[in-house]
Undergrad: 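Structure in structure tokens, see below.
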Amino acid sequence: MTGPSWRLLRLLLLVSLVIGAVMAKRERKDKVKVDDDLTGSDDADTVVASRGDDEFDIIYESPTPIGDYHFAEHFDDVEAAKKRWIMSKAQKEEQDNVFKYEGQWDFEFPLNRMFPTDKALILKSKAKLHAISAKLDKPFDFTDKPLIVQYEVNFQNGMDCGGAYIKLISNSKNMGLPTFNDKTPYTIMFGPDKCGSDMKIHFIFRHKNPINGTFSEKHSKRPSNRVEESYGDKKPHLYRLKLTPDNKFEVFVDDRLINSGSLLDDMEPKVNPPMEIEDPNQVKPADWDEREKIPDPTAEKPEDWDEDAPMKIPDPNANPPSGWLIEEPEMVPDPTAIQPQDWDDSMDGSWEAPLITNPKCATAPGCGSWSPPQIDNPEFKGKWKPPMISNPNYKGKWIPAKIPNPDYFEDKEPFKMTSIGAVGLELWTMTDQVLFDNFIISNDQSVVDDWTSKTWELKRRVLEKDNEGVFRRTLNYTNAHPWLWAVYVLVIALPIVLIFTFCCGSSQDKKSETYKKNDELSPDDDDAAVAGASTSVPTSAKSKESSGARQRGHQVSKDDLEDSVPSRSTKKQPEPEPEPQVDDDETETETDSEEVEEERPPTPEPEPEPIITKRRGKGRPRKE
């Protein structure tokens, strides 16, 4: 590459780098950073933070629900959360035992901190009862709008045995949140639960009997999809329950539908009892025979049936293996053993040498008593039983008569449950560090979707970004900042094109310069050059040799021409008429040389010439 071209390339590269640096600096200035004073202020909803200083990080802002909602909590404002959430001081009675709800809760950062201001509610204790609750901003009444409940759970230390479900506490004038316990009335229970290999996503609602006013729990069927991953991957997961006025329910985990059905048909036990039931007062008659088959009363045991014959007997045809030492014991006293000197027969008893394996048995198939192998007894028949025959008195399985169900009712709208006034967590777990975050209760799907995009969706993007390679992360960031494509063109594409252009152009120039060097003959070599050009040697050979000489960068001498043209005759050739000088560029190719040869008239055979010895040094050739 020539000097000016290289300087131009370096200038373009420098300009590209400067442009990229300026644009990146502008981007960093546009980014809102975390302010230390703001982080500790009460106005946490306005705090904007990025995850670290990396240019590729995702911006997190404490969310604010937009639209109609009944409850929303992100826990970023710790002081407000402490005022809102009430830790229970109740006791739980089980048989003769009384347990206190003394498990610890705290509002703090996750173990795997993604954003500087994102805090959560965390269960801190193992093997203890935990209870905490918060009142809704406004009660939820089951009328003509759907119920959507959503929150995040992260089993930061995995989960061995315990739950992370929530209870939507039934609304009343005095819900008793300071004494919230397992007996507190609730309307819905929803969320994950695991113990050992039994993993569930609960959805339970308490249905009120319209006749007697009693409540009974209705459980949804088990999820059709696998849910094991959320209990052990130590990542935040999103749980959502949606109930609609048409008595349908849907359960989502991480925006993936895992369970759905009807409140009327897919709950156990069913909401509506059967119209008829079995008469509880009816008793099966004493002569009712339910046996379909009975032993044949007329059958008798055969006289040759031996019930005492064994199943197995020794093989009467078996013999001991050849060389079996029947009279030799398997173990013998050790002949090298010596009685200890301090052995006292009166206190320790009679001394006996320890037993060792009989050395005679080492080369024999066996020693001692030999027993033949057991074989099936051909006489064995077992205990005799009479054959079974059809029962002539069989009447079938007795079923009580059906009567109208006195407790029957038909509730066609089980969606209209008891209104909800609070949300609570009443849990027992063997694993600590269970994280809860970003609760939202609303009747509008768009409100929940907007909340999700500001909370869990950002965490999902962070996790995906952490799993991406450098190329994918760079591509995603570039798509978010399209001006970077111009920088890439300047910094990468343009220099590559320039380097390719200059390199290829430089090689072509060198090649042209090689072909265009002055190949004119010196005055002393004019005769030889003319003689060589007038011979009938194939033009291609002359062209190749002269071209090779020119490519080596030195002038073609008379000796070179004569050596390259073999003489076909010893006769002296008359000097031809001088031909007009041909430009070197026109005689470069083989085609041009052939055209000149065809136009030249035939010449007589040349006369013998003196032998010319080629000299490697400077000067003219020496004639001999």
Side-chain angles (χ1 to χ4, degrees), residues 30-35 38-39 41-51 57-85 107 110 114-121 134-154 166 168 171 188 190-191 236-245 249-257 419-423 435-464 480:
D30 294 339
K31 214 175 210 183
V32 181
K33 298 297 184 180
V34 179
D35 185 82
L38 247 184
T39 303
S41 66
D42 295 334
D43 192 12
D45 289 340
T46 62
V47 175
V48 180
S50 65
R51 184 173 176 254
D57 283 343
I58 298 170
I59 304 299
Y60 169 78
E61 179 182 357
S62 297
T64 300
I66 300 175
D68 188 14
Y69 67 95
H70 295 260
F71 184 81
E73 179 62 83
H74 51 66
F75 300 105
D76 294 345
D77 187 348
V78 174
E79 295 302 323
K82 287 181 178 180
K83 295 178 182 179
R84 185 178 201 179
W85 290 82
F107 305 95
M114 295 185 181
F115 305 108
T117 60
D118 182 29
K119 295 185 178 181
L121 172 64
K135 189 176 180 180
L136 301 189
D137 296 334
K138 58 181 179 180
F140 183 90
D141 296 323
F142 292 87
T143 55
D144 57 350
K145 293 184 178 181
L147 169 67
I148 307 172
V149 182
Q150 179 177 288
Y151 69 108
E152 296 175 22
V153 175
N154 185 355
I166 64 173
L168 302 182
N171 188 35
I188 292 175
F190 166 66
H237 292 276
L238 188 70
Y239 295 87
R240 181 192 305 157
L241 171 66
K242 183 175 182 179
L243 304 180
T244 53
F249 72 89
E250 293 178 329
V251 177
F252 297 84
V253 176
D254 297 341
D255 276 339
R256 179 171 57 97
L257 180 65
S419 62
I420 300 168
V423 58
L435 180 148
F436 300 86
D437 200 5
N438 297 319
F439 288 80
I440 183 76
I441 299 176
S442 177
N443 55 25
D444 190 341
Q445 183 65 55
S446 63
V447 174
V448 177
D449 292 341
D450 178 72
W451 178 269
T452 305
S453 66
K454 299 174 182 177
T455 54
W456 179 80
E457 182 64 28
L458 298 182
K459 298 178 183 179
R460 183 189 64 80
R461 288 170 55 193
V462 169
L463 294 174
E464 289 181 352

Undergrad: Rounded to the nearest 0.5 Å, what's the gap from OG on Ser442 to CD1 on Ile66? Could you check?
TA: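 The OG atom of Ser442 sits 12.0 Å away from the CD1 atom of Ile66.
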Undergrad: Any salt bridge between Glu61 and Lys454, counting N to O under 4.0 Å?
TA: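 Lys454 and Glu61: not salt-bridged.
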Undergrad: Are the charged groups of Asp68 and Lys138 less than 4.0 angstrom apart, N to O?
TA: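 Here Asp68 pairs with Lys138 in a salt bridge, since their nearest N and O are under 4.0 Å apart.
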Undergrad: How many angstroms lie between CG in Leu241 and CZ in Phe252, if you round to the nearest 0.5 Å?
TA: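 The CZ atom of Phe252 is 9.5 Å from CG of Leu241, to the nearest 0.5 Å.
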Undergrad: A side-chain contact here means heavy atoms from C-beta on lying under 4.5 Å apart; do Val78 and Lys119 qualify?
TA: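 They are in side-chain contact.
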Undergrad: Does this structure show an ion pair linking Asp77 with Lys83, if we count only N-O contacts that are shorter than 4.0 Å?
TA: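 Salt bridge flag = no for Lys83 with Asp77.
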Undergrad: How long is the straight-line distance from CG of Leu238 back to CG of Asn154, given to the nearest 0.5 Å?
TA: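 With rounding to 0.5 Å, CG (Asn154) is 12.5 Å from CG (Leu238).
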Undergrad: Would you mind reporting whether Pro63 and Ile440 have side-chain heavy atoms less than 4.5 Å apart?
TA: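 Answer no - side chains too far apart.
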Undergrad: If I take atom CD1 from residue Ile420 and atom CG from residue Asp141, how far apart are they, to the nearest 0.5 angstrom?
TA: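 Rounded to the nearest 0.5 Å, the CD1-CG separation comes out at 9.5 Å.
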Undergrad: Say you draw a straight line from OH of Tyr151 to CD1 of Ile166; how long is it, rounded to the nearest 0.5 Å?
TA: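 If I round to the nearest 0.5 Å, the distance is 5.0 Å.
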Undergrad: In terms of the angle between their ring planes, are Phe75 and Phe439 parallel, tilted or perpendicular, with boundaries placed at 30° and 60°?
TA: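 Perpendicular: the ring planes of Phe75 and Phe439 meet at over 60°.
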Undergrad: For His70 and Asp137, what are the C-alpha separation, side-chain angles and deciding distance, and is it a side chain to side chain donor-acceptor pair (under 3.5 Å)?
TA: CA-CA 5 Å; His70 295 260; Asp137 296 334; over 6 Å; no
Undergrad: Tell me, do Tyr60 and Val462 make a side-chain contact under 4.5 Å, heavy atoms counted?
TA: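 Tyr60 vs Val462: side chains apart.
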Undergrad: Measure centre to centre between the rings of Trp85 and Phe107, then say whether the value is under 6.0 Å.
TA: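 That pair fails the under 6.0 Å test.
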Undergrad: Between atom NZ of Lys242 and atom CG of Asn443, what is the distance when rounded to the nearest 0.5 Å?
TA: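 Spacing of NZ (Lys242) from CG (Asn443) equals 11.0 Å.
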Undergrad: Could you tell me whether Phe140 and Phe142 have their ring centroids closer than 6.0 angstrom?
TA: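 So the answer is yes for these two rings.
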Undergrad: Any side-chain heavy-atom pair from His74 and Thr455 closer than 4.5 angstrom?
TA: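 No; the side chains remain at least 4.5 Å from each other.
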Undergrad: If the condition is salt bridge (Lys or Arg N to Asp or Glu O under 4.0 Å), which residues does Lys459 pass it with, not counting sequence neighbours?
TA: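 For Lys459, the residues satisfying salt bridge (Lys or Arg N to Asp or Glu O under 4.0 Å) (neighbours in sequence not counted) are Asp118, Glu152, Asp437.
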